[in-house]
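These notes are about the structure you will find just below.
By convention in this document, chain letters (A, B, ...) are assigned in the order of the sequence lines, proteins followed by strands, and residues within each chain are numbered from 1. When reading the values below, keep in mind they use all heavy atoms of this one structure, side chains included, and skip hydrogens, waters and symmetry mates.
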Amino acid sequence: MPRLGWNANQLQEKALDVRRDIITLLANAGSGHSGGSLSCTDFATALFFNRLRVEPREPMWEKRDFWNFSIGHVTPVIYSVMAERGYFPLKDLLGFRQFNGHLQGHPSAHDTPGIEVSAGSIGQGLSIAIGVALASKLDKNPRHCWCIMGDGEQQEGSIWEAAMSAGHYKLDNLTAIIDVNRKQIDGDTVDVMNVEPLADKYRAFNWHVIDVDGHDIQAILAAFDEAENTPGKPSVILARTVMGKGVSFMEDKAAWHGNPPSHDEAKIALEELGTDYDTWYKRLAESEGSRP
Amino acid sequence: MTPEFEWKTTREGWGHGLVDVGMTFEDVVVLVGDLTGSTNVNFFKEKFPDRFFQMGIAEQNMANVAAGMSLVGKVPYYATYSAFGVGRVVDQLRVTSGYTPCNIKIGGAHSGISVGPDGATHQMMEDIAILRALPNFTVIAPADYDQTRLATIAVHEINGPCYIRFGREKVPVVTNPADSFEIGKAQVMAEGDDATCIAYGQMVSEALIAHDLLLEEGITLRVLNMHTLKPLDEDAIIMAAEETGAIVTAEEHQIYGGLGSAVSQVVCQHYPVPMEYVAVMDRYGRSGKPEELLDAFGLRHNNIIRKVKKLLDRV
């Protein structure tokens with residue numbers, strides 16, 4: 001079934017698994033981006049397990065919905081939801097950032113099945129999703145396009161070129177989700193380069209704006225419905241989140257933008273997430289693939 | 001006697017080629033950045049309005065919208081001046097269309113010093129260097145109207161990012177529409193044994209004039225039209241080195257990173273012979289008439305002749 005339509009309870013449980021995957025693969029790799037991966041986890045899980053029409057074993061299926069993470073650095077959450085959804089075996093997560101693995105530090109279409117377009121230089125993904133949305137309209141293909149961005153990313157000028165064109169072409173088959181975790185490498189976004197008010201900015205660019213608690217799965221699902229059913233303009237979901245969500249010592253700390261937990265820190269984190277490192281490592285290592 | 005040429009713009013070849021390839025293939029779409037008339041995509045727009053996308057003055061967006069369209073089966077061609085369509089969007093071309101890779105086609109108008117009165121900002125002379133450095137790119141700089149038209153059609157067959165460079169002004173027609181055009185295969189424009197001039201774009205016609213003038217002095221200059229800068233026809237270069245023993249390259253591009261650098265690499269590795277370069281010598285352009293600028297920047301047949309003679313003194 002291309003669209004799974006899972007309910008909030010099921011999604012909550014899966015989001016917990018995804019957080020455990022993220023911590024384990026980061027500790028195993030010894031490098032990677034923790035904070036944004038954890039802030040995106042709830043809506044990314046909801047997107048993949050409730051909303052997207054995709055065929056993970058046939059990633060280029062013609063009627064697939066399109067999704068891309070313009071914030072390429074959150075590969076820990078991207079790869080975890082992909083593996084949990086069945087694009088590739090969970091054990092591959094242990095090859096994250098390794099020379100012999102297929103999971104590059106930033107998404108590589110050349111290496112990973114299901115990654116349609118490479119990313120890693122932020123500010124580029126929205127334009128790509130717009131291209132897919134325009135072509136889909138031309139072909140009368142019913143796909144919906146989902147592009148995940150960061151709030152710090154809104155500082156890139158190319159985002160506003162893209163936002164202008166999506167409004168101009170009235171792309172109601174396009175939804176952007178912005179992970180508004182209010183942090184970036186150098187600190188609080190409001191101090192580094194204030195991007196707010198984001199809602200006003202997008203409205204001014206002729207978008208439909210939905211402001212939502214990015215960790216409230218019921219609210220996220222309602223936002224998805226609203227976005228998909230708003231005619232005549234693209235929608236943006238401002239998902240208000242907490243960087244490092246779910247791991248107490250990472251929450252709301254910019255220092256966790258680009259750092260992985262050490263093994264000791266991972267052990268503490270996984271205990272907070274209701275499991276332990278060895279159990280979860282074993283779950284990944286011994287998996288032969290996963291289909292929900 | 002120098003040859004009498006017919007003069008036509010290369011960008012018109014691109015414009016007509018787009019209509020040709022658009023008629024054959026329904027997957028062709030065209031995007032433009034507010035330069036519909038001067039990139040001659042107006043022909044396509046009139047014929048296929050539904051498949052034509054105006055993207056405004058926002059090249060970073062245009063480059064990646066094209067990339068996105070390619071992910072779902074379109075073959076997007078985007079048109080603007082090469083200063084913007086390459087220069088402004090190097091990051092998009094490197095990360096998205098090169099690395100993925102995406103099946104996009106870039107038309108780079110207003111390349112070279114012969115752009116004329118607009119001056120340095122619009123005279124793109126670094127595009128070949130930039131794009132040759134990006135893996136997966138095919139880089140083409142056709143010599144005239146007919147060849148640009150053929151190249152515009154031919155790049156549809158390549159599944160990956162391609163760049164076609166063309167200029168602003170009318171340039172001599174030196175190829176025959178009936179000539180075959182093969183990407184990556186240099187064209188022998190004139191035979192010769194004493195030296196070879198390898199050129200692309202408008203400089204092919206200058207090389208042909210040099211050929212005729214040198215012939216009057218009993219010197220035979222082979223002229224190779226290296227319309228594809230990447231992948232480079234290494235066999236044709238090695239053969240020229242072996243058979244003529246001296247090579248001069250000629251291009252409307254910076255000396256660093258262009259055809260001269262590319263040919264040198266092949267020659268040094270496979271069959272070292274003396275070389276000379278006709279190119280822009282590490283400086284920006286300026287306003288002026290095209291012919292004034294070509295003279296001032298040393299991009300003329302007499303410059304080629306001087307370099308050939310210098311080479312012949314050495315060998």
Practice prompt. Could you tell me which portion of A/Ala129 (side chain, backbone, both or neither) has an atom closer than 4.5 angstrom to a non-hydrogen atom of chain B?
Written response: neither
Discussion item. Please verify the inter-ring angle class for A/His33 with A/His73; under 30° counts as parallel, over 60° as perpendicular, anything in between as tilted.
Written reply: tilted
Worksheet item: In terms of ring plane angle, is the pair A/Trp67 and A/Phe48 parallel, tilted or perpendicular, where the classes change at 30° and 60°?
Response: perpendicular
Worksheet item: Side chain, backbone, both or neither: which part of A/Asp139 has a heavy atom under 4.5 Å from chain B?
Response: side chain
Worksheet item: When heavy-atom pairs shorter than 4.5 Å are enumerated against chain A, which of B/Gly68, B/Pro76, B/Ser70 gives the highest number?
Response: B/Gly68
Worksheet item: Looking at A/Pro107, A/Gly120, A/Ser108, which makes the most heavy-atom pairs under 4.5 Å with chain B?
Response: A/Ser108
Worksheet item: For A/His144, which of A/Thr175, A/Asp65, A/Asp172 qualifies under side-chain hydrogen bond (donor to acceptor under 3.5 Å, both in side chains)?
Response: A/Thr175
Worksheet item: So what's closer than 4.5 Å to chain B heavy atoms on A/Asp111: side chain, backbone, both or neither?
Response: side chain
Worksheet item: Among A/Ser158, A/Ser121, A/Ala135, A/Ser118, which residue forms the greatest number of heavy-atom pairs with chain B at distances under 4.5 Å?
Response: A/Ser118
Worksheet item: Under 3.5 Å, is there a donor-acceptor pair linking the side chains of A/Ser136 and A/Asn173?
Response: no
Discussion item. If we count only N and O atoms by modelled type, under 3.5 Å, do the side chains of B/Glu12 and B/Tyr145 hold a donor and an acceptor together?
Written reply: no
Worksheet item: Where does A/Met60 contact chain B at under 4.5 Å (heavy atoms): side chain, backbone, both or neither?
Response: side chain
Worksheet entry | Which atoms of A/Ala133 approach chain B - backbone, side chain, both or neither, heavy atom under 4.5 Å | neither
Item to complete: Look at A/Asp151 together with A/Lys183 and state whether they make a salt bridge at an N to O cut-off of under 4.0 Å.
Response: no
Worksheet entry | Donor-acceptor pair between B/Gln254 and B/Glu126 side chains, under 3.5 angstrom | yes
Worksheet, complete the sentence: From the list B/Asn61, B/Val72, B/Val65, the residue making the most non-hydrogen contacts under 4.5 Å with chain A is B/Asn61
Discussion item. Less than 4.5 Å to any heavy atom of chain A: does that hold for the side chain of B/Glu26, its backbone, both, or neither?
Written reply: neither
